[in-house]
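Below is one structure; the comments refer to it alone.
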Amino acid sequence: MTKTNILSAWALSLGVLGASLAPAQAEEKTEFKVAWSIYVGWMPWGYLEDSGIMDKWAEKYGIDVEIVQINDYVESINQYTAGAFDGVSATNMDTLSIPSGGGVDTTALIIGDYSNGNDAVILKGEGTIEDLAGKPVNLVELSVSHYLLARGLDSVGLAERDLDGVINTSDADMIAAYATDDVQAVVTWNPLVSEILGSNPDATNVFDSSAIPGEILDLMVVNSETLADNPDFGKALVGAWYEVMGLMAAGDEEALTAMAEASGTDLEGYKVQLAATEMFYDPADAVAQASSADLPTTMTNVAEFLFDKGILGEGAPSADFVGVAYPDGSTSGDANNVKFRYDATYMQMAADGEL
């Protein structure tokens with residue numbers, strides 16, 4: 001999963017996302033900007049822009065929507081948090097820690113997919129995840145890889161303290177690092193997972209995101225006040241997104257090839273990545289995910305991980321610091337500090353053919 005340089009904790013600890021950063025001004029307007037970064041499940045955003053599908057839907061609602069690719073994933077979220085963008089592609093974990101933890105009320109407008117094997121814990125040699133005990137593990141620290149490792153260790157009664165340390169390693173250096181004698185295990189995402197497993201006979205996948213379905217969610221999030229004041233913005237984004245989902249579900253090779261090439265692979269390589277991604281091509285499936293009884297538990301687990309690592313907002317007194325609201329009106333965390341909202345309204349409109 002090419003979520004490059006996911007260092008949300010560093011961003012917070014350095015004060016990048018301090019209270020001085022104001023969210024996008026909520027008001028009725030006609031021009032909007034959305035940021036996205038390279039990842040298998042987010043490639044449709046680039047295609048939306050390049051194909052003219054976004055322009056078509058924006059024109060339908062009398063607005064203009066500019067979709068901007070940002071090469072640095074965390075920087076795209078930082079810019080959204082600072083008010084430079086009205087929306088951004090992000091995981092549920094990084095939405096909670098950066099904009100929501102930083103005080104920017106943010107809505108998950110679209111649940112695009114969840115990682116279903118795209119992220120993996122890879123051991124050098126034969127064994128199981130229990131064999132990580134006493135070994136160093138290389139990963140992008142404080143990222144979804146770190147979260148996946150924590151969940152994997154917990155599944156067998158281990159914890160990070162049972163390892164011989166976690167070594168912060170850039171995704172750009174992961175393949176080279178795996179080839180060195182000192183590295184005994186790595187945690188990373190596709191396309192790196194496929195490359196390491198395919199090129200090294202000694203590489204063993206001992207735990208991956210298919211074991212925690214629905215926990216690593218990939219979203220399009222938007223400023224909640226901007227959405228409330230400009231519902232046509234939500235309608236245009238969601239309408240355009242599901243038009244492309246229809247093309248992908250139908251196996252449109254022109255669209256899929258364009259996405260593959262934009263992500264640096266070929267059609268077959270992109271299809272391999274899609275196979276490890278639970279895409280919600282049907283908006284009704286995305287609505288079901290947003291309304292899942294398991295989602296509050298997932299978000300509680302994510303909040304506890306973030307709090308344990310000291311990155312759930314500056315000065316967070318507990319894992320309940322940020323409130324998360326769900327489509328049925330329930331909340332987890334602090335109900336008096338809701339800054340993260342799962343809103344199925346617009347996805348339901350797409351499911352009902354009302355856009």
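Each residue takes its place number in the sequence, starting with 1. Predicted, not measured: the structure shown is a model, and the values here were computed from it.
- Put simply, the side chain of Thr169 gets close to the backbone of Ile167: a donor and an acceptor are under 3.5 Å apart.
- Between Ser224 and Thr107, the side chains place a donor N or O and an acceptor N or O closer than 3.5 Å (distance only, hydrogens not considered).
- In this structure, Phe305 and His146 have perpendicular ring planes: the angle between them is above 60°, well past the 30° mark.
- Side-chain contact between Val88 and Val221 is present, with at least one heavy-atom pair separated by less than 4.5 Å.
- The closest donor-acceptor contact from the side chain of Asp72 to the backbone of Val74 lies under 3.5 Å.
- When atom types are taken as modelled, the side chain of Thr91 and the backbone of Ile216 share no donor-acceptor pair closer than 3.5 angstrom.
- Looking only at side-chain heavy atoms (C-beta outward), Tyr242 and Met347 come within less than 4.5 Å of each other.
- Inspection of the Tyr73 and Asp94 side chains reveals an N or O donor paired with an N or O acceptor under 3.5 Å.
- Taking the six-membered ring for Trp and thresholds of 30 and 60 degrees, Trp42 and Tyr39 have ring planes more than 60 degrees apart, a perpendicular arrangement.
- Proximity of Tyr346 to Leu237: side-chain heavy atoms (C-beta onward) are nowhere separated by under 4.5 Å.
- Asp252 contributes a side-chain N or O that, together with a main-chain N or O of Ala255, makes up a donor-acceptor pair within less than 3.5 Å.
- Expressed to the nearest 0.5 Å, how far CG of Leu306 lies from CE of Met299 amounts to 8.0 Å.
- To the nearest 0.5 Å, atoms CG (Asp343) and OG1 (Thr106) are separated by 13.0 Å.
- The closest donor-acceptor contact from the side chain of Ser291 to the backbone of Val287 lies under 3.5 Å.
- For the pair Ile53 and Leu247, the minimum side-chain heavy-atom distance is below 4.5 Å.
- The closest donor-acceptor contact from the side chain of Ser194 to the backbone of Asn190 lies at 3.5 Å or more, if one exists at all.
- At a threshold of 4.5 Å between non-hydrogen side-chain atoms, the residues Pro213 and Glu278 do not count as touching.
- From Asn301, atom CG reaches atom CZ of Arg151 across 5.0 Å, with rounding to the nearest 0.5 Å.
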For this session: Give the C-alpha distance, both sets of side-chain angles, the deciding distance and a yes or no for side chain to side chain donor-acceptor pair (under 3.5 Å) between Thr180 and Asp182.
Result: CA-CA 6 Å; Thr180 65; Asp182 292 340; 5.7 Å; no
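- In this structure, the side chain of Ser155 engages the main chain of Gly152 through a donor-acceptor pair within 3.5 Å.
- Taking 4.5 Å as the limit, some side-chain heavy atom of Thr226 sits within range of a side-chain heavy atom of Phe32.
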